Amino acid sequence: MGSIVTVTGEVPSADIGATLMHEHIMCDLYRISGNSDHLLDDVDLAITELRHLAATPLRTVVDVTSVGLGRDLQTLREIALATGLNIVAGCGWYRDPYLPPQVFETTSDGLADILIAEITEGSADGGVRPGIIGEIGAYRDPMTPAEERVLRAGGFAHLETGVSIYTHAARSTVGIEQARILLRIGVPPERIVIGHSDTVPRKDYWSELLDMGVTLGFDTVRPHFPYDVEVRVAGLVWLAERGCLDRVVVSNDVCFRSHLRAFGGGGYTYCATGFFDALRSVGFGDQEFHRMFHENPVRLLDVP
């Protein structure tokens with residue numbers, strides 16, 4: 001077992017504890033949506049919310065805030081130092097309509113060069129090294145040309161660095177096309193996560209992704225609606241019955257103010273507390289928790 005790359009440096013993989021694979025700490029969806037709930041920019045509040053993780057086994061947070069979503073690597077480093085958490089930063093570009101002009105003016109090869117330089121040498125704004133490529137997204141199926149250009153850039157960057165790729169494929173089966181493109185480029189399936197797979201609760205969709213060998217992101221786990229919780233519990237039970245819990249990661253995807261505990265949401269702790277309590281009621285235990293929150297993240301984050 002090797003190490004993972006955090007915003008404060010490399011950490012032995014054995015020491016990362018339980019891990020949230022898809023979260024946002026500083027994030028700006030507001031600039032497009034115009035909804036003030038969609039802005040996370042309060043550093044003190046972020047530190048307070050993340051400190052709640054101390055009462056859980058969770059010790060590592062992967063922040064997949066990509067370019068176009070207000071990524072701020074220096075602030076992430078400050079928050080990591082203030083909380084004592086391992087924070088892994090993402091890199092890449094999000095999706096239409098959040099893509100900056102750079103994406104439309106640069107080839108996939110050129111974008112890949114930017115990612116490779118960040119991963120190997122550190123970002124231009126302070127030298128922070130990302131530990132994952134993503135989240136790289138698509139609004140729906142089919143992808144736009146710019147979204148596909150970004151996805152291919154992520155694939156090319158993986159071939160040079162070995163860093164895993166995390167996609168955004170919410171409420172759409174576009175994850176199948178994302179996986180196909182990355183696999184054709186040569187990205188190993190075990191280094192691909194199709195994000196928000198839990199927002200498409202169709203077993204045929206999950207089965208096709210599993211047949212390709214990729215990992216499913218059950219990463220929008222929140223307490224707001226009981227039906228949504230039931231769907232995700234049932235989905236994980238279905239995966240467990242098929243012996244596929246080694247192919248799923250679980251997270252909250254905190255990205256709105258209303259997701260925070262201060263505003264009545266489940267916060268960063270929910271998927272490892274209230275949600276996992278629901279899983280325990282249907283037979284899950286410490287072994288399943290360790291697999292989904294530690295073993296699978298280590299496989300994805302381990303420095304090649």
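Note that the structure is a prediction, hence the values are computed from the model and not measured. Along the sequence shown, residues carry numbers from 1.
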Point to revise | Results of side chain to side chain contact (heavy atoms under 4.5 Å, CB included) for F104 - residues two or more places apart only | key: D96, L99, A146
Exercise for review: Please identify each residue that fulfils side chain to side chain contact (heavy atoms under 4.5 Å, CB included) with N296, with sequence neighbours left out.
Suggested key: D246, V249, R291, R299
Review point. Under a single-linkage rule joining Ile, Leu, Val, Met, Phe, Trp and Tyr whose side-chain heavy atoms are separated by less than 4.5 Å, which residues share a cluster with Y30?
Key: L39
Point to revise | Partner set under side chain to side chain contact (heavy atoms under 4.5 Å, CB included) for V237, not counting sequence neighbours | key: V233, E241, V282, F284
Point to revise | Pair listing, ring-ring contact (aromatic ring centres under 6.0 Å, His included) test, anchored in residues 168-199, at least two apart | key: H22-H196, Y94-H168, H168-H196
Would you tabulate the side-chain donor-acceptor contacts of residues 259-266 under 3.5 Å, counting partners in other chains and residues two or more places apart, or write 'none'?
from : atom 1 : to   : atom 2 : distance (Å)
H259 : ND1    : C255 : N      : 3.1
H259 : ND1    : F256 : N      : 3.2
R261 : NH1    : T269 : OG1    : 3.2

Check your understanding: Taking only residues two or more places apart in sequence or in another chain, which ones pass side chain to side chain donor-acceptor pair (under 3.5 Å) with S123?
Key -> D125
Exercise for review: Name all pairs fulfilling the side chain to side chain donor-acceptor pair (under 3.5 Å) condition that reach into residues 104-118, sequence neighbours left out, sorted by first residue then second.
Suggested key: R71-E118
Check your understanding: Is E23 reaching over with its side chain to a backbone N or O of D253, donor-acceptor style, under 3.5 angstrom?
Key -> yes
Review point. Considering residues at least two apart in sequence or located in another chain, which fulfil the side chain to side chain donor-acceptor pair (under 3.5 Å) criterion with R31?
Key: none
Check your understanding: Who passes ring pair (Phe, Tyr, Trp, His ring centres under 6.0 Å) against F276, sequence neighbours left out?
Key -> F289
Check your understanding: Are the side chain of D198 and the backbone N or O of R232 linked by a donor-acceptor pair below 3.5 Å?
Key -> no
Study note, to complete from the structure: Residue set satisfying side chain to side chain donor-acceptor pair (under 3.5 Å) with D277, at least two apart, ordered chain then number -> none
Practice item. Test side chain to side chain contact (heavy atoms under 4.5 Å, CB included) on L50 and L53 and set out the steps. Key: CA-CA 6 Å; L50 288 167; L53 292 174; 4.1 Å; yes
Per-pair distances, 0.1 Å, donor-acceptor, side chain in residues 152-160, under 3.5 Å, sequence neighbours excluded:
from : atom 1 : to   : atom 2 : distance (Å)
R152 : NE     : E148 : OE2    : 3.1
R152 : NH2    : E148 : OE2    : 2.9
H158 : ND1    : V163 : O      : 2.8

